[in-house]
Amino acid sequence: MPNKPRSALYLTLGAVLVLSGCASTTHRAPVEDRGTASRPLPASIAATSALAPAPGAAAAEAAALRPLPGAENAGKPGYYSVKPGDTLIRIGLENGQNWRDIARWSGLDNPNAIEIGQVLRVVPPAADANGVVTRPVAPGGRVDGKPAAAVPVAGTASAAAAAPGVAPPTAAAPAPAPPPAVAPVAAPREGDEDVNWAWPAAGPVTTPFDDNKSKGLAIGGRAGDPVLAAADGRVVYAGSGLRGYGNLVIVKHNATFLTAYAHNQALLVKEDQVVRRGQRIAEMGSSDAEKVQLHFEIRRQGKPIDPARLLPAR
């Protein structure tokens, strides 16, 4: 009997030694032997892996790499690249265009959402960057400066469809056709539109034109004095969305000239309204200005010029 505990002790020590030997031997699990650790992670795992980019970061990176709208036209004549601080109203003023037209020509879904670096079209589709407009002229018609509607070209599918009883040609063998006859209109020169100008306010000129500073004339007066349209035209903007101008009216007179009337206390016209020379369009005020005054600009194709060169002598 005394030998039994000793034998049991020997058996226990032997089992411990065997287990220790097993623990000191390296055994790789079968799944690791198949090399799964070196294979790409499944997509469901990679999306949550610390090595994979977070979904938000990936979206931001993709957005940063996508081309901006109109980027293929950057630097081309007739196009404008949006700069910091730009608004569509300012772009229209500086390019002599109705901001709504620019939005339409550029295919903007939301005119209030333009991006720095985005490229906008600032000339009509029927005009080149030098101001030369080409459009069909009907017999006995007149050139009015407006973009022309598309005209079917002889020999094309659209022209054939317009003729009764004539089947359109197949797409495989289109008939060649010469371009439609057009009448080129020379680039406008300063004063060649025969605009009948008038002074927009009766007060004295308190600040003369300065191309580097004022861009126009400051005309003094009292709050509520009438502000008059300087020539016949159409209102392309009436509001206060252009910083530095206060309550502003912009009138487009033709393809060459537009005028701006700033710092008003009240606006008496609305966008797209036709106005006549001498018509009261606003009341003089001091909105976004230090004193009551009318800031008046004449812009030729978007470039400010000295109004005193065109207004009649007093």
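None of these values were measured; they are calculated from a predicted model. If you read the sequence from its start, that first residue is 1, and numbering goes on from there. Note that these values count all heavy atoms, side chains included, but never hydrogens, waters or copies made by symmetry.
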Task: Glu72, CD atom: more than 12 neighbouring heavy atoms under 6.0 Å - done: yes
- [ ] Kindly indicate, with the supporting measurements, whether the criterion side chain to side chain donor-acceptor pair (under 3.5 Å) is fulfilled by Tyr237 and Asn98.
- [x] CA-CA 8 Å; Tyr237 181 73; Asn98 185 336; over 6 Å; no
Task: Side-chain heavy-atom pair Gln279, Gln273 within 4.5 angstrom cut-off - done: yes
Open item on the list: For the CD1 atom of Ile116 and the OG atom of Ser81, what is their distance to the nearest 0.5 Å?
Closed with: 12.0 Å
- [ ] Determine whether Arg280 and Pro226 make a side-chain contact, defined as any pair of heavy atoms from C-beta on separated by less than 4.5 Å.
- [x] yes
Task: Heavy-atom donor-acceptor pair, Ser287 side chain to Asn247 backbone, under 3.5 Å - done: yes
Open item on the list: Whether the side chain of Arg299 engages the backbone of Asn95 through a donor-acceptor N/O pair (distance < 3.5 Å, no angle test) should be reported.
Closed with: no
Open item on the list: Assigning hydrophobic clusters by single linkage (Ile, Leu, Val, Met, Phe, Trp, Tyr; side-chain heavy-atom cutoff under 4.5 Å), is Leu120 placed with Tyr79?
Closed with: no
Task: Within-4.5 Å side-chain heavy-atom neighbours: Met284 and Val292 - done: yes
- [ ] Kindly give the heavy-atom pair with the smallest separation between Lys215 and Glu297, and that separation in Å.
- [x] O-CG, 3.4 Å
TODO: For the residue pair Phe296 and Tyr261, categorise the inter-ring angle as parallel (less than 30°), tilted (30 to 60°) or perpendicular (more than 60°).
DONE: tilted
TODO: Give, for atom CG of Leu258 and atom CG of Leu93, the distance between the pair rounded to the nearest 0.5 Å.
DONE: 6.0 Å
Task: Pro69 vs Glu115 side-chain heavy atoms within contact, under 4.5 Å - done: yes
Task: Which atom of Leu248 lies closest to which atom of Ala260, heavy atoms considered - done: CD1-CB, 4.1 Å
Task: Approximate separation, where rounding is to 0.5 Å, of Leu68 CG and Ile114 CD1 - done: 11.5 Å
TODO: State, to 0.1 Å, how close Asp288 and Arg243 come at their nearest heavy-atom pair, and which atoms those are.
DONE: OD2-C, 3.9 Å
Open item on the list: Is it the case that the side chains of Gln293 and His295 hold a donor-acceptor pair, with the cut-off being a distance below 3.5 Å and no angle test?
Closed with: no
Task: Closest approach of Asp211 to Pro304 (non-hydrogen atoms, all atoms of both residues) - done: OD1-CG, 3.8 Å
Open item on the list: Go through it in stages, so that I can follow the logic: the residues are Glu271 and Trp99, the test is side chain to side chain contact (heavy atoms under 4.5 Å, CB included), and I'd like the CA-CA distance, side-chain angles, deciding distance and then a yes or no.
Closed with: CA-CA 11 Å; Glu271 288 186 22; Trp99 67 271; 3.7 Å; yes
- [ ] For the pair Asp86 (side chain) and Lys83 (backbone), establish whether a donor and an acceptor sit closer than 3.5 Å, ignoring hydrogens and angles.
- [x] yes
- [ ] Mark yes when over 12 heavy atoms from residues, nucleotides or ligands other than Arg314 sit less than 6.0 Å from its CZ; otherwise mark no.
- [x] yes
Task: Ring-face cation of Arg277 near Trp197 (centre distance under 6.0 Å, axis angle within 45°) - done: no
Task: Residues Lys303, Glu94: salt bridge by 4.0 Å N-O rule - done: no
Open item on the list: When you compare the side chain of Ile91 with that of Tyr80, does any pair of heavy atoms fall below 4.5 Å?
Closed with: yes
Task: Among Val249, Leu268, Leu228, Ile281, the one residue meeting side-chain contact (heavy atoms from CB on, under 4.5 Å) with Val275 - done: Ile281
- [ ] Would you name the heavy atoms of Ile219 and Ala201 that are closest together and state the gap between them?
- [x] CG2-CB, 3.9 Å
TODO: Could you tell me the separation between the CD atom of Gln301 and the OG1 atom of Thr256, rounded to the nearest 0.5 Å?
DONE: 5.5 Å
- [ ] Determine, using the 4.5 Å side-chain heavy-atom cutoff (strictly less than), whether Phe257 and Val269 are members of one ILVMFWY cluster.
- [x] yes
Task: Side chain proximity check, Asp272 to Arg234, heavy atoms < 4.5 angstrom - done: yes
Task: Check: Lys291 side chain, Ser286 main-chain N or O, donor-acceptor pair, under 3.5 Å - done: no
Task: Beyond-backbone contact of Asn264 with Leu294, side-chain heavy atoms, under 4.5 angstrom - done: yes
TODO: Quick one: closest heavy-atom pair of Leu88 and Pro111, and the distance?
DONE: CD2-CB, 3.7 Å
TODO: Answer yes or no: is there a side-chain heavy-atom contact under 4.5 Å between Trp199 and Leu217?
DONE: yes
Task: From CD1 (Ile250) to CD (Gln97), nearest 0.5 Å - done: 12.0 Å
- [ ] Test side chain to side chain donor-acceptor pair (under 3.5 Å) on His253 and Thr259 and set out the steps.
- [x] CA-CA 8 Å; His253 303 286; Thr259 49; 2.7 Å; yes
Open item on the list: Tell me whether Asn110 at atom CG has more than 12 heavy atoms from other residues, nucleotides or ligands lying less than 6.0 Å away.
Closed with: yes
- [ ] Quick one: pull up CG in Asp101 and OG in Ser106 and give me the separation to the nearest 0.5 Å.
- [x] 10.0 Å
